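Letters A, B, ... are given to chains in the order of the sequence lines, protein chains preceding strands, and every chain is numbered from 1. Computed from a predicted model, the values in this text were never measured in an experiment.
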Amino acid sequence: MLTHLINGISLGSIYAIIALGYTMVYGIAKMLNFAHGDVIMVGSYASFCFMMYKNVPVPLALLLSIVICTVLGITIERLAYKPLRSATSLAVLITAIGMSYFLQNLALIIWKADPKWYPDIFKDTAAIEIGGAVVKPVAIVSILVNLLIMITLTLFTNRTRMGKAMRAVSEDKGAATLMGINVNSTISITFAIGSGLAAIAGFLLCTTYSRLEPTTGSMPGIKAFTAAVFGGIGSIPGAMIGGILLGIIEILARAYLSSELADAIVFGVLIIVLLFKPNGLLGKKIREKV
Amino acid sequence: MKTVLKCENLHVYYGSIHAIKGVSFEVGEGEIVTLIGANGAGKSTTLNTVGGLLRPREGSVEFEGKSILGVAPHKVVSQGMALCPEGRRVFAQLSVRENLEMGAYTRPASEIPGTLQTVYEHFPRLKEREAQMAGTLSGGEQQMLAMGRALMSKPRLLMLDEPSMGLAPILVDQIFDIIRALNKAGTTILLVEQNAQMALSIADRAYVLETGRIVNSGTGKDLLNDDSVRKAYLGG
Ligand SMILES: Nc1ncnc2c1ncn2[C@@H]1O[C@H](COP(=O)(O)OP(=O)(O)OP(=O)(O)O)[C@@H](O)[C@H]1O
Ligand SMILES: [Mg+2]
C-alpha cells in the first residue's frame, strides 16, 4: 500500500510539473496549449539522443533538452498562437491541436515509429526503502524535483518584479500595458518556462517508464491537463495538488481495481469534482466586472 | 505656456465603427483640462488613444513635442504620462502594495520607497490597506488605488477617466480635492468626466465631445455659464 502511495505521488509529481505548463499558459494567454504534451515528447527525444548518440553526460543532456524545449515553446507561440491573439478561442484551440499533430508527425519522420528505450540512469543506485515500502530512486527524485519547482515558481510569481508582472498580465492585459509591462514578452516568457518544465517532466517520465515514441507525450499531457483543471486552472498550488491526487488515484486504481479501467476512473473523478466545484479544487471564482 | 499634449484631427475606429471623427485638442503645462460629454460620446476612446491602447487611423498625438504614435503601447508610460482607466481596473488578485509597485514598473527599484511615501501622503487609506488584496477594497478605495498606481510612474501628465464614477458625493469631493492638490504639486491633468458640474468647476479649460466630435470648448467658467452646456449637461 505505502509503495503504491509513494509511486502515486511520484507519478503525480510528474503530472504536476506538466500541469504547471498548462496552468501558467492558460493563466496568461487564456488558451489551452494542446501541443504542450508533445513538447514533452520532443524534450525526451532530445535528451535521449544526446545521451545515447553523443555520449553527453546525463545532467548536460537534460540541460540541453530544457534549452531546446524552451526555444521550441517560444517559437510555437510566436509562429502559431501570436497571430491569433485576437481570434476566437475555438480557432486557437484548433491551431493548438494542429500543432500537436505537427510535432507528432515530425517526430515520426525524424525518429520513426518504433519505440526507443530510454536508459535507466539510476541503474547503479539501489532501490530505496521507506518504512517497509521499496521504491525506485527515480520516484523519490521526481517528488523532490517537483517540490523544488513548486517552491521556486511560487517565490518567483510572488516575490519578483517579473513574476508580479505576470500575474498582472493574467488579470488585465490592457491595464498591464498601461503600467509599462510588455505583454508579448511576458507571454513568451511564460511559454518558455512551461516548455522548459516539460523537458524536465519528459526526462522523469521516460526514466520511470523507459518507452519513448512519438505519442509518448499525449496521454500524460491530457492527464496533466486534467490535473490542472482538477486543481483549478490558472492556480500553481492547484496544479500541484491536482497532479498529485491524479497520480495517486491512477496508481491505486491500477493496483486494486483494474489496469484497463484506471484511465477511465481518473477522468470519472474529474467529472465528479467539476460537478461540485466547477472551478476546480483551488480555482478562483471568475469575478464579474461591474 | 508650454504645450504638453497636442492631438490633431484624430480618427479612431472600432472595426467599421467610426468612434472619433476628427478630434483636436491641446493641454498646456500645469493645466487641468477636461473632456465632457454624454455616454458614448468618445471620451474614453480619446484617452485610450492618447495612452497608447488604441491606434488612430488618422491624425497625430504629440506629447512634449514628440509623436507617440511610433511608440510601442507599453512604452507610452515611460514618456511621462499615465492613464488611470475607466472602471479602475486595479489588479484584484494583487495586494495594494503590489498594485502600486506595478505602477512603478518602468521606474528604477531604488526610487519606489520614496514615491510610495508620496502616494501614501495623498491616500493615507492605501497605506492602511497595504497588504490587502485589491479586489476586496471598496469602490472608493479602488479608485484611490487606481490613481495612486498611475502616480507611481511619476507622470508629468496624468489622465483620469471618470474618477468619480459610482462614488458617494462625499468621496467625489475628496477625489476632486486630491486632483486639485496633485495639480498644485505640478502635475498636468487631463480629466474625463460625466460629472460636468464638478469637472468644469475645477478645470482651467474644457472641451465638449458629442458623438465623436468636439462641439464646444472654452474655459471651465465660460462653459459652466454656457446655455447649451447648461441644458445638455448641467440639468438646465
Ligand atoms: N470595444 C469597442 N468596440 C466597438 N465599439 C466601441 C468599443 N468601445 C467603444 N465603442 C463605441 O465607441 C463610441 C465611443 O465610446 P467611448 O467608450 O469612447 O464613450 P465614452 O464617451 O467614454 O462613454 P461613457 O461616458 O459611457 O464612458 C461608442 O459609440 C461606443 O459604442
Ligand atoms: Mg468612457
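With rounding to the nearest 0.5 Å, the separation of NZ in A:Lys164 from CG in B:Leu94 is 8.0 Å. Rounding to the nearest 0.5 angstrom, the gap separating the CG atom in A:Leu178 from the CE atom in B:Met159 is 8.0 Å. In this structure, OH in B:Tyr105 is found 7.0 Å from CZ in A:Arg161, a value given to the nearest 0.5 Å.
Only the backbone of A:Asn158 comes within contact range of chain B, with heavy atoms under 4.5 Å apart. Only the backbone of B:Ala104 has a heavy atom closer than 4.5 Å to any heavy atom of chain A. Neither the backbone nor the side chain of B:Ser78 comes within less than 4.5 Å of any heavy atom in chain A.
Take A:Tyr22 and apply the ring-ring contact (aromatic ring centres under 6.0 Å, His included) test, not counting sequence neighbours, and it matches A:His36, A:Phe225.
Within 6.0 Å of the CD atom in B:Gln117, the count of heavy atoms belonging to other residues, nucleotides or ligands does not exceed 12. Within 6.0 Å of atom OH in A:Tyr26, 12 or fewer heavy atoms from other residues, nucleotides or ligands are found, so the atom counts as exposed in its surroundings. The 12-atom threshold is not exceeded at OH of A:Tyr101, counting heavy atoms of other residues, nucleotides or ligands nearer than 6.0 Å. Residue A:Tyr81 qualifies as enclosed at atom OH: its count of foreign heavy atoms under 6.0 Å is above 12. Under a cut-off of 6.0 angstrom, the local environment of CD1 in B:Ile170 is sparse, with at most 12 non-hydrogen atoms contributed by other residues, nucleotides or ligands.
Contacts of residues 32-71 of chain B with chain A at a heavy-atom distance below 4.5 Å involve B:Gly51, B:Leu53, listed in sequence order. Residues of residues 11-19 of chain B never come within less than 4.5 angstrom of chain A, heavy atom to heavy atom.
Under the side chain to side chain contact (heavy atoms under 4.5 Å, CB included) test applied with A:Met179, the options B:Glu101, B:His74, B:Arg149 reduce to a single match, B:Arg149.
For the options B:Lys75, B:Met152, B:Met102, heavy-atom pairs under 4.5 Å to chain A are most numerous at B:Met102.
Across all non-hydrogen atoms, the minimal contact from B:Thr106 to A:Gly180 is CG2-CA, 3.8 Å.
In this structure, A:Glu171 contributes its side chain and B:Ala92 its backbone to a donor-acceptor pair below 3.5 Å.
Within the structure, no pair that satisfies the side chain to side chain donor-acceptor pair (under 3.5 Å) test touches residues 86-95 of chain A, not counting sequence neighbours.
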